[in-house]
Amino acid sequence: MTALVWFRHDLRISDHPALDAALRAHDRVVPVFCFDDRLLAGRHASGPRTRFLIECLEDLDAELRERGARLVVRRERPERALIELAGITGATEVYYTRDVTPFARSRGRSVHAALEAAGIAEQALPGLTVADDVAAVRTRAGGPYAVFSPFYRSWLDIPRRAPIPAPAHIPSPPGLDHGRIPTADELGLSAALEGAQRGGEREAVARLDRFLRGPIHQYAEERDRPDLDGTSKLSAYLHFGCLSPREVEAALPRGEGPQQWRRQLCWRDFYHHVQFHYPENARLEYQVRYRGTIAWTEDDALFAAWTEGRTGFPLVDAAMRQLRRDGWMHNRARLVAGSFLTKQLGIDWRRGEQWFMRLLIDGDQANNNGNWQWIASVGVDPQPVFRRVYNPTLHLERYDPEGVYVREYVPELRRVPRRHLAEPWKMPESVQREAGCVIGSDYPRPVVDLAAAREAALARYAAAAAADA
DNA sequence: TCTCAATTTCG
DNA sequence: GAAATTGAG
């Protein structure tokens, strides 16, 4: 008997419950990946992320080949491709990893209908999150969670399954047209980013090992420092499932750093929980009082200054240029950049969400949407608005004290003395000339006045809440 | 996972 | 007088 394993963002062979279950129940297994135009050209299409995906698939195919199989690739909707392949191979069942996003679920329903009509069985297995079935976690009152801390406490108590080792051999039917992984050119993708990470399970494992041997032990102290290499940079690998979150958790050593990092893994599970229970969050504010009530600023010039990293605030500009150069941004920088767009500039969080999705190689619907709603103060885990208006000047002093991060990504500021880095517009003219950084020509003047922008933001939210009441 | 300013503590 | 702590928003 033959089974199909439908890969999506679970591009690994280690701790893959669906692959494991298929191998246990069937003599032959056909691993399949479908390039779906709805994703490649959809609202959240992304050249950098698709490039990373291609690398993940090439690596997965190499791992499968070492075990006697090939990745079967189709440029077709899974509703069609899976039925066709089942017909050719005589497969009686399709195995896949359960997903939570609205798109994955509606596509899943189409696939389900097609498989049912064709008389093919299906098996959905866990593997997307640390805890199996995060959707099932309930508060005492019986509802889904909307606050992180209590979710975290419950999450710690969820029983965990043992990680499953990678299979040694994957028997696959011979003579199958396995297709080909398209190249970046064939998909019409623009040039690769300068600093992008390389996709694939083997690269992911190497990075995880490096992180676990060193930086994770300083993670509690260094995680908010974009100038240090203190974070795991595993987000893209987790997004594409090159790493199993459960297996990663099981591999963590003891200590405060690992514990803090595990808590970050829980944020990921939390946002998957939220995405499952509140699919409308994909487009609407979780907090009903802010739906359609905030008077966002429609200013394309300001938005462009933000995306291009020329707001005049060094930390924001470094963050936005890091995104463009590397397809990745440090988490603390994401919060500062997100706070700046939505609060100080007063621009709709959805525009920021979309921009991030376009460039982030770790761009993930559940996490990105959850974090944007969080920093815009319109989502779950609510806090008073004023608590999430971050001051980019103070954040620079605190989290990039020597200016290493800012100087790396904003070369105009490289020769600006340390004491003027946070507020370069206050540099005396002689120092500006000396540093080769004349404000207004070499580096932009600040696009807003921080104190006034903060007050305007608080007023904007207060007016929105009042309008709703 | 804040910010700002007032207040207290310490050398 | 600077640094740490506290409290309000």
Side-chain angles (χ1 to χ4, degrees), chain A residues 145-153 155-156 215-216 218-228 230-233 235 256-271 273-274 286-287 289-290 313-316 319 329-346 349 352 356 362 366-401 405 419 422-423 426 446 448-466 469:
Chain A
Y145 282 93
V147 183
F148 177 72
S149 299
F151 177 86
Y152 179 56
R153 282 191 288 278
W155 179 85
L156 288 171
I216 197 170
Q218 277 73 54
Y219 184 75
E221 302 78 38
E222 297 188 351
R223 66 198 196 89
D224 278 324
R225 293 284 298 270
D227 57 334
L228 307 175
T231 65
S232 71
K233 298 202 171 127
S235 50
E256 176 63 14
Q259 208 51 238
Q260 285 289 314
W261 194 73
R262 183 175 179 226
R263 196 163 178 274
Q264 296 304 305
L265 283 179
C266 181
W267 272 101
R268 186 175 173 277
D269 278 20
F270 175 58
Y271 282 139
H273 172 87
V274 169
Y286 168 78
Q287 293 184 46
R289 70 176 186 277
Y290 290 134
F313 293 93
L315 184 54
V316 174
M329 195 194 291
H330 186 279
N331 179 250
R332 174 57 51 174
R334 291 187 199 201
L335 295 180
V336 174
S339 163
F340 193 79
L341 181 77
T342 58
K343 306 290 172 60
Q344 279 94 343
L345 296 185
W349 60 273
F356 272 33
D362 65 31
N367 292 326
N368 190 52
N369 176 272
N371 281 132
W372 271 100
Q373 293 220 25
W374 188 95
I375 196 60
S377 303
V378 299
V380 293
D381 202 48
Q383 285 288 324
V385 176
F386 57 75
R387 285 209 183 164
R388 290 181 190 153
V389 183
Y390 292 3
N391 180 323
T393 301
L394 294 180
H395 270 69
L396 173 54
E397 300 279 5
R398 198 174 311 159
Y399 299 118
D400 183 24
Y405 178 67
R419 67 185 172 286
E423 297 176 304
K426 291 187 179 167
V448 289
D449 173 79
L450 279 187
R454 183 174 205 271
E455 289 315 307
L458 296 180
R460 192 178 305 116
Y461 279 79

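No hydrogens, no waters, no symmetry mates; every other heavy atom, side chains included, goes into these values. Letters go in sequence order (proteins before strands), and every chain restarts at 1.
Taking atom CD on A:Glu221 and atom P on B:dT1, their separation rounds to 18 Å, with Å as the unit. Per the geometry, CZ belonging to A:Phe386 stands 11 Å off P belonging to C:dA8, to the nearest Å. Distance CD (A:Glu397) to P (B:dC2): 17 Å, rounded to an integer number of Å. Taking atom CD on A:Gln383 and atom C1' on B:dC2, their separation rounds to 10 Å, with Å as the unit. Rounded to a whole Å, the CG atom of A:Leu450 is 12 Å from the C1' atom of B:dT3. Following rounding to the nearest Å, A:Phe151 (CZ) and B:dT1 (C1') show an atom-to-atom distance of 18 Å. Nucleotide B:dT3 holds its P atom 6 Å from the CG atom of A:Leu394, rounded to whole Å. Distance CD1 (A:Ile375) to P (B:dT3): 10 Å, rounded to an integer number of Å.
With A:His273 contributing its side chain and A:Asp269 its backbone, the two residues share no donor-acceptor pair below 3.5 Å. For A:Thr342 (side chain) and A:Trp349 (main-chain N/O), no donor-acceptor pair under 3.5 Å exists by modelled atom type.
Counting non-hydrogen atoms under 4.0 angstrom, A:Glu455 reaches nothing in the nucleic acid.
For A:Tyr461 and A:Tyr290, the ring centers are positioned less than 6.0 Å apart.
Neither OP1 nor OP2 of B:dT1 sits under 4.0 Å from any side-chain N or O of A:Asn371. Regarding contacts with the backbone of B:dT3, a side-chain N or O of A:His395 is found under 4.0 angstrom from either OP1 or OP2.
With distances taken from any side-chain atom of A:Arg398 to the nucleotides C:dG9, B:dT1, B:dT3, the minimum falls on B:dT3. The side chain of A:Arg387 sits closest to B:dC2 out of B:dT1, B:dC2, B:dT3.
Annotation: cation-pi geometry satisfied between A:Arg332 and A:Tyr399 (NZ/CZ under 6.0 angstrom from ring centroid, within 45° of ring axis).
One donor-acceptor pair, N or O on each side, does fall under 3.5 Å between the base of B:dT1 and the side chain of A:Arg332. With hydrogens and angles ignored, a donor-acceptor pair closer than 3.5 Å exists between the side chain of A:Trp267 and the base of B:dT1.
Side-chain contact between A:Ser232 and A:Tyr219: absent, with no pair of heavy atoms (C-beta onward) separated by less than 4.5 Å.
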